[in-house]
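Because the structure is predicted, anything quoted here is derived from the model rather than measured.
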Amino acid sequence: MAAKNIFKMTTPNKTPPGADPKQLERTGTVREIGSQAVWSLSSCKPGFGVDQLRDDNLETYWQSDGSQPHLVNIQFRRKTTVKTLCIYADYKSDESYTPSKISVRVGNNFHNLQEIRQLELVEPSGWIHVPLTDNHKKPTRTFMIQIAVLANHQNGRDTHMRQIKIYTPVEESSIGRRQTIPLK
């Protein structure tokens, strides 16, 4: 389990967008592994669930339907190395539905999750890159990731998230071709 390493990604101005995660993939240093996980949500409006969160369409979104915190649970079948979490948010489209405070937690299951990142977002518009690494930039190994929306802009109740991507590192083998880091 990674040591607790909480830091706030806060700016007095608007949260700047990160690069499109597809650019990360094109470097050959990471691979998206969200399809290897089982995804669940604390709640959702009909037609605005996991499928929309993972459909690669920035016009669709998950919409929660209930009290906060709103949770996205991502569970892997085996302990998995994760390096970066990317979340797409769009304040101009979603206004009070846009998350303003997010907690990222990891663990073996629901009962031992530990917060490793807390983000405070100011009118985000674009991809938010969340490193899932320790103080030495070493990726986290985990069975589960939970994203908790703790607050929305303008004290909104329900939330919108447009896309979530999870990346594992790819490293050079001794033969010179890239391979995914083996799971142990």
How close do Ser125 and Asp90 get, counting heavy atoms only, and between which atoms? OG-OD1, 3.8 Å

Are Val122 and Glu120 packed together at the side-chain level, in the sense that at least one heavy-atom pair is separated by less than 4.5 angstrom? no

Do Thr60 and Asp51 have side-chain heavy atoms sitting under 4.5 Å apart? no

Kindly compute the distance separating OG (Ser42) from CD (Gln68), expressed to the nearest 0.5 Å. 10.0 Å

Interatomic spacing from CZ in Arg141 to OG1 in Thr168 - rounded to 0.5 Å: 8.5 Å

Check whether Trp127 and Val130 end up in the same hydrophobic cluster, where Ile, Leu, Val, Met, Phe, Trp and Tyr are linked by side-chain heavy atoms less than 4.5 Å apart. no

Under a single-linkage definition using a 4.5 Å side-chain heavy-atom cutoff for Ile, Leu, Val, Met, Phe, Trp and Tyr, are Val30 and Val106 assigned to the same hydrophobic cluster? no

Report yes if some heavy atom in the side chain of Asp65 is under 4.5 Å from a heavy atom in the side chain of Phe48; otherwise report no. no

Check step by step if side-chain contact (heavy atoms from CB on, under 4.5 Å) holds for Ser96 and Asn152. CA-CA 6 Å; Ser96 67; Asn152 290 321; 5.9 Å; no

Distance col, row Lys92:NZ vs Glu123:CD, nearest 0.5 angstrom, shows 9.0 Å

Sidechain-backbone polar pair: Asp134 side chain, Lys138 backbone, donor-acceptor under 3.5 Å: yes

Count I, L, V, M, F, W, Y as connected when their side-chain heavy atoms are under 4.5 Å apart, and connections chain through other members. Are Tyr167 and Val72 then in the same cluster? no

About how many Å separate CG of Asn109 and CD of Gln75, when rounded to the nearest 0.5 Å? 8.5 Å

Residue pair Ile164 / Arg54: nearest heavy atoms and the distance that separates them: O-NH1, 2.7 Å

Examine distances only and state if a side-chain atom of Arg117 and a backbone atom of Leu132 form a donor-acceptor pair shorter than 3.5 Å. no

Examine Ile166 and Trp62 and state if one hydrophobic cluster contains both, with Ile, Leu, Val, Met, Phe, Trp and Tyr joined whenever side-chain heavy atoms are less than 4.5 Å apart. yes

Let me see the working for Met144 and Asn73 under side-chain contact (heavy atoms from CB on, under 4.5 Å), right down to the final yes or no. CA-CA 7 Å; Met144 182 174 181; Asn73 302 302; 3.6 Å; yes

Nearest heavy-atom pair of Pro99 and Thr159: which atoms, and what distance? CG-OG1, 3.4 Å

Could you check if a side-chain atom of Asp158 sits within less than 4.5 angstrom of a side-chain atom of Tyr97, using non-hydrogen atoms only? yes

If you measure from CD1 on Ile147 to CD1 on Ile74, what distance do you get to the nearest 0.5 Å? 4.0 Å

Decide yes or no for Leu58 and Gln163: does some side-chain heavy atom of the first lie under 4.5 Å from some side-chain heavy atom of the second? yes

Will you find, in the side chains of Gln52 and Asn57, an N or O donor that is under 3.5 Å from an N or O acceptor? no

Between the main-chain N or O of Ala19 and the side-chain N or O of His129, is there a donor-acceptor pair closer than 3.5 Å? yes

Could you pull out the closest heavy-atom pair between Glu32 and Lys165, with the gap in Å? OE2-CA, 3.4 Å

With a 4.5 Å limit on heavy-atom distance, are the side chains of Arg77 and Gln36 in contact? no

Can you tell if the side chain of Asp56 reaches within under 4.5 Å of the side chain of Lys22, non-hydrogen atoms only? yes

Atom pair NZ (Lys137) and NZ (Lys83), whose distance is rounded to the nearest 0.5 Å: 9.5 Å

Using the side chain to side chain donor-acceptor pair (under 3.5 Å) rule, pick out the option among His153, Gln154, His160 that qualifies with Tyr91. Gln154

Thr140 side chain to Thr142 side chain, donor-acceptor N/O pair below 3.5 angstrom: no

Option passing side chain to side chain contact (heavy atoms under 4.5 Å, CB included) with Ile128 (candidates Leu121, Ile102, Leu85): Leu121

Does Phe143 belong to the same Ile/Leu/Val/Met/Phe/Trp/Tyr cluster as Leu71, with side-chain heavy atoms less than 4.5 Å apart forming each link? no

For Arg157 and His70, work out which heavy atoms get closest and say how close. O-NE2, 2.6 Å

Between Thr29 and Leu24, is any pair of side-chain heavy atoms under 4.5 Å apart? no

Closest non-hydrogen atom pair between Trp39 and Gly34, with its separation: NE1-O, 2.9 Å

